[in-house]
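Notes follow the structure.
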Amino acid sequence: MTTEPKIIGFLCNWCSYRGADGAGMARLKYPPNIKIIRVPCSGRVSPELVLRTFREGADGVMVLGCHIGDCHYSTGNHRTAKRMPLLKKLLEYTGIDSERLYINWVSAAEGEKFASVIRDFTEKISTLPPFRETMK
Amino acid sequence: MTDRLTSLREAIEAVLPNVDGVLALRIGPGGISASHLFSKEHPEDLAKLALWPKEPVPDTLKIILRAHPDAKLAIVCRGCEERGIVEMFKHAQLNLDNVTLIGLQCEQAEAEFCRCAKPFTVHSKTTVGQSIKGVPDPVTEKIAAMSQPERLAFWKQEFEHCIKCYGCRTICPQCFCNVCTLEDEKWVETGRLPMANPSMYHLIRAMHMTAKCVACRECEETCPADIPLAVQFRLMARDVKELFNYEAGAVMDQKPPQLLVLEEGDYERSGLPH
Amino acid sequence: MKTKNGSRTEVQEKIGVYVCHCGSNIAGTVDVADVARWAAHLPGVVVSRDYKFMCSSPGQELIGKDIKELGLTRVVVASCSPHLHEATFRGACERAGLNPYLFEMANIREQDSWVTSDKAEATKKAKALVAAAVSRVAHQQPLEALLVPIDANVLVVGGGIAGIQAALEIADSGNHVYLVEREPSIGGHMAQFDKTFPTLDCSACILTPKMVSAGNHKNITLLTWSEVEKVEGYVGNFTVTIRKKARFVDEALCTGCGVCQEKCPKKVIDDVFEAGLGYRKAIYTPFPQAVPNYPVIDHDNCTYFQKGTCKACEKFCATGAIKFDQVDEILTVKVGNIILATGYDLFDARKVSNYGYARLPNVFTSLEMERLTNASGPTGGKIVLRDGVTQPKSVGIIHCVGSRDRNYNNYCSVICCMQSLKFAHLVHERTGATVYNFYIDIRTPFKAYDEFYQKVLEEGTLFVRGKVAEVTDAARLPSEEGRLIIQAEDTLAGKQRRIPVDMVILSSALEARADSKEVAQKFGISCSADQWFIEKHPKLDPVATMTDGVFIAGTCTGPKDIPASVAQGAAAAARVLSIIGQGQIQIEAATAIVNEETCVGCQQCIASCPYQAIVYREDKGKAYVNEALCKGCGTCVGSCLPKCISLKHFTDEQLVAEMIGAMHTMKEFELIPMEVAA
């Protein structure tokens with residue numbers, strides 16, 4: 001169990017970040033653990049960036065982008081959809097719980113979905129031991 | 001029936017008059033084999049033609065072609081090396097217009113040594129030796145069957161032996177970058193052995209090898225710590241095949257899947273939410 | 001600040017931090033004064049303040065004053081979402097002489113004070129977000145937005161009413177337009193219609209003058225029977241390759257007299273203009289008022305092309321305009337802006353097999369009905385059954401065929417209600433038949449639309465609220481023999497109904513063009529899941545796209561009626577004219593850049609770029625980013641293994657610094673070093 005899981009979310013500027021803004025405007029409450037980093041497109045998130053975030057001790061990493069077909073960069077999130085499942089597999093093969101890396105699509109209109117996704121993920125990560133400890 | 005070495009020598013002799021040189025292995029002092037450019041000017045070199053221990057020849061091909069882009073060359077390659085050449089071609093590291101491939105089929109013992117699923121060539125027009133079926137990879141199977149904590153413990157122990165010599169990276173025919181992410185302190189920390197767990201070095205390298213590793217096992221052969229490095233790459237290759245129907249080195253004009261737009265079915269298989 | 005090994009972290013920058021109260025929006029939950037006090041100790045921070053409203057003039061002046069007086073080199077504002085006020089604060093920095101890209105925002109309102117209940121937690125999170133921004137801003141680099149000149153010529157793709165309107169607006173302003181149309185004539189779907197709702201003006205009568213103006217305009221180059229093959233370049237400087245398909249008619253010689261069409265012996269079913277109800281010749285203009293009035297020879301149906309003899313058209317042509325040896329012409333034009341008005345396709349009603357279209361002869365689509373009611377249509381405007389003579393005594397009109405239906409399209413096709421009401425009126429007026437409308441909801445929102453609905457109600461048209469289950473010719477009762485029976489649940493009466501009719505009209509959905517995905521790709525814009533082109537903003541920027549210089553108008557963005565299409569055509573033209581008026585345009589400064597020294601030329605970035613903004617330089621064996629084409633998505637960065645390509649303003653250093661800033665604050669809650677490199 002992690003009492004205060006540390007979560008970093010990489011959110012695309014056009015859909016998910018605005019979705020997060022939407023959650024704020026609707027005053028939807030969610031745990032404060034997540035710290036959001038804005039990227040232009042979820043396709044910008046390289047596996048190295050995710051891995052470095054784990055290395056810094058993150059207990060969970062989220063990559064949220066536009067829904068497939070709605071990417072503001074046309075097909076930027078297609079790269080995410082191909083790259084990130086592979087990274088999850090790699091974590092699994094290394095013995096790391098692949099649920100620590102979470103990929104989903106949240107549109108600018110989905111403030112409610114954003115809040116619930118954050119709640120669920122924070123809860124899930126809280127049930128796991130702190131990442132750093134599992135690596136000792 | 002002539003043996004493979006003789007057949008290979010004959011095949012090279014047949015090609016030699018039409019090319020500037022043939023890249024193959026030559027046995028040196030102490031039984032060490034190394035890539036050598038056999039030429040019609042020095043036919044006597046062929047006496048030292050070697051098959052084993054295998055050494056990655058594609059890299060040498062790249063170096064020669066960089067210096068002499070117009071050279072007409074032939075290269076003797078095993079299945080893995082042929083796949084390596086194809087991947088290098090796809091990544092614009094080689095121009096194959098003037099390159100003739102001579103395929104060398106592996107024997108049972110060689111395939112078993114490499115735990116190779118595809119010990120045969122598919123693109124080479126000229127081939128030497130009998131093509132055999134792939135063999136199982138018990139090491140990969142064993143690790144695949146482990147539970148998550150077992151796997152974590154296993155890799156932790158293995159990577160603790162890593163002395164970060166970069167040998168696996170250096171020998172890899174698919175590591176052709178001018179600068180290496182693994183040497184960038186932003187991604188891989190330095191000055192600490194054993195490396196912190198999880199090993200960024202090995203995770204990043206495995207990610208870079210995804211859809212690129214041609215299963216030649218040169219990294220494992222090179223590793224002074226005997227880490228079964230190829231296992232992660234092979235597990236990833238299975239997923240790449242399953243998720244995106246891509247096999248490194250299999251088809252000349254198939255683009256690597258991490259870059260392409262999603263095709264019908266890709267998304268469903270990737271297990272991502274809708 | 002102490003680092004791990006005890007030495008001090010050197011941060012050269014002078015950073016100013018401003019924590020906004022946003023009235024009580026932030027200050028009500030976050031202890032802003034505490035955040036500001038705490039932030040003063042972050043590396044590089046020389047001033048840290050909190051203020052009631054940072055976005056107000058005094059707030060902005062505060063930043064400007066500090067930049068000038070304290071020599072700030074970096075600014076962080078912790079307030080609302082950057083989508084709201086990033087531009088505001090960048091402007092404040094710029095006015096004070098600081099490059100706007102040296103500013104960073106921490107979103108402590110939408111992502112903190114508004115979503116966190118606990119005050120202590122919210123304050124803690126605000127500190128982490130501020131630390132992340134401070135850590136990031138130190139790594140930010142000044143950027144200069146690139147200015148490119150604008151070519152005043154414009155390409156309009158699609159010669160329907162939206163495209164015509166856009167072309168005319170631009171041409172009238174004195175700028176040149178290339179109007180490209182795939183079919184032999186401009187006019188689009190509107191040319192096929194009979195009456196337009198709700199005023200019942202004759203569609204051709206209001207459209208033809210516009211077509212003629214477009215055809216004659218000195219500033220419009222009309223390229224019909226042509227398609228765009230390739231688009232290169234970027235806003236202000238597009239190079240467009242257009243294939244002008246062989247017409248086999250010399251436009252310079254043809255007078256449009258029509259004798260060739262008269263003499264051509266080959267009759268072909270016209271499935272484009274006449275929706276399959278009428279015929280045309282193998283050499284044809286789609287309709288008498290076609291613009292331009294030159295015919296085309298339909299290669300696949302021409303007797304000469306297929307069998308080698310005939311040439312009747314050539315024999316009778318007085319000016320010798322028939323040219324059997326004509327080939328496709330490839331034109332290259334340079335334009336600064338592009339307007340896409342490529343229209344829609346009608347939903348294929350055969351897909352709803354239970355409605356029997358193409359199986360039951362007297363089931364018609366809405367487009368067929370338009371042609372049937374049209375005075376210049378195949379029946380001269382007589383509403384008759386498929387046999388060509390019988391007038392229907394009763395007609396059923398089914399709404400929402402392929403729309404608002406999870407099996408086909410979820411969306412409402414907007415025009416079908418009014419179109420169905422129009423048909424009801426016309427059928428009633430011309431045949432006196434009993435008309436049934438089967439609807440889910442009646443949607444008549446715009447000017448004089450509902451009045452029209454009332455009128456149709458008064459005329460005695462019957463309305464059944466319910467989705468039709470089936471149209472069948474299998475009679476159960478003697479009165480149903482030989483007729484089409486519409487089975488539907490009347491949801492208002494709560495009863496199943498079987499209504500026998502002579503004719504069924506399917507108000508089919510509007511769908512995105514079958515090739516809209518390819519077209520979108522060609523022009524570098526995006527399609528929604530339904531394949532409609534996506535607007536830059538659905539409300540505030542409905543005719544622009546994410547690709548600068550490419551605008552969209554009319555039904556290619558989604559179903560809409562004629563007034564809305566015309567308005568969008570004009571709106572797109574206005575947007576284009578404003579860009580032309582500027583003479584030059586600023587383009588995204590946060591673009592990708594290749595480190596030529598280290599690039600290994602593997603071209604993975606090129607394959608990953610959604611905009612073809614990266615090219616491979618054969619001579620150098622390196623990739624190269626065309627900054628004018630790059631939209632700054634950074635997918636190339638994610639694809640480059642040795643990280644030889646980076647995205648300005650979203651570099652690895654900046655993102656890692658931001659992440660570390662947030663992480664370390666979270667972890668120990670007191671600062672440890674923020675070195676990007678380990």
Side-chain angles (χ1 to χ4, degrees), chain A residues 4-8 10 12-14 17-18 20-49 52-53 55-58 61 66-80 83 108 111 114-115 118 132, chain C residues 80-84 107 109-118 121-122 124-125 128-129 132 136 520-521 524-531 534 536 546-547 590 608 610-611 631-640 643 647 649-650 652 655-656 658-667 678:
Chain A
E4 260 191 74
K6 294 173 284 293
I7 297 170
I8 290 281
F10 293 99
C12 87
N13 182 35
W14 304 99
Y17 195 93
R18 284 171 195 254
D21 280 354
M25 280 181 259
R27 312 294 200 274
L28 303 172
K29 304 292 184 241
Y30 56 80
N33 307 64
I34 182 162
K35 307 295 180 288
I36 292 168
I37 292 179
R38 186 163 66 126
V39 288
C41 176
S42 58
R44 165 67 186 85
V45 183
S46 58
E48 289 87 346
L49 197 54
R52 172 80 200 247
T53 309
R55 184 183 125 196
E56 289 306 321
V61 176
C66 307
H67 285 270
I68 294 292
D70 292 344
C71 178
H72 272 259
Y73 299 107
S74 178
T75 53
N77 59 359
H78 287 201
R79 281 35 153 188
T80 316
R83 205 180 275 151
F114 176 80
I118 302 301
R132 279 267 168 98
Chain C
C80 50
S81 169
H83 285 292
L84 210 63
N107 185 347
R109 194 179 74 173
E110 280 84 347
Q111 292 175 8
D112 188 11
S113 70
W114 279 354
V115 294
T116 314
S117 318
D118 186 275
E121 286 291 346
K124 207 164 139 186
K125 183 170 178 180
L129 294 176
R136 184 192 206 279
Q521 213 160 21
I525 62 169
S526 314
C527 280
S528 66
D530 297 320
Q531 315 286 308
I534 297 182
K536 186 164 192 175
M546 275 305 292
T547 302
S608 76
Y611 297 98
K631 299 273 165 283
C633 66
T635 48
C636 50
V637 184
S639 301
C640 180
K643 308 279 165 265
L647 178 64
H649 207 60
F650 289 95
D652 284 332
L655 295 180
V656 169
E658 188 175 353
M659 178 269 293
I660 291 178
M663 282 294 304
H664 283 188
T665 321
M666 273 193 257
K667 194 173 55 187

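Just so it is clear: chains get the letters A, B, ... in the order the sequence lines come, proteins before strands, and each one is counted from 1.
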**Report entry** Residue, of C:Thr635, C:Leu129, C:Leu84, C:Val115, that accumulates the most heavy atom pairs under 4.5 Å with chain A
**Finding:** C:Val115
Counting C-beta onward and ignoring hydrogens, is there a side-chain heavy-atom pair between [X] and [Y] closer than 4.5 Å?
X        : Y        : answer
C:Lys124 : A:Pro32  : no
A:Asp21  : C:Arg109 : no
A:Asn13  : C:His83  : yes
A:Ser74  : C:Lys631 : no

Counting only heavy atoms closer than 4.5 Å, note whether [X] contacts chain A via side chain, backbone, both or neither.
X        : answer
C:Ile525 : backbone
C:Ser639 : both
C:Lys643 : side chain
C:Cys527 : backbone

**Report entry** Check: C:Lys125 side chain, A:Pro31 main-chain N or O, donor-acceptor pair, under 3.5 Å
**Finding:** no
Query - Backbone of C:Gly638 reached by a side-chain donor or acceptor of A:Arg79 within 3.5 Å - result: no
**Report entry** Least distance between heavy atoms, C:Glu110 atom then A:Tyr30 atom
**Finding:** O-OH, 4.3 Å
Query raised in the report: How far apart are the closest heavy atoms of A:Tyr17 and C:Ser81, and which atoms are they?
Result: CE2-OG, 3.8 Å
**Report entry** Ion pair check, A:Lys29 and C:Asp118, cut-off under 4.0 Å
**Finding:** no
Query raised in the report: At a heavy-atom separation under 4.5 Å, does A:Asn77 approach chain C through its side chain, its backbone, both, or neither?
Result: neither
Query - side-chain contact (heavy atoms from CB on, under 4.5 Å) involving C:Arg136 - partner list, sequence neighbours excluded - result: C:Glu104, C:Gln140, C:His649, C:Phe650, C:Gln654, C:Leu655, C:Glu658
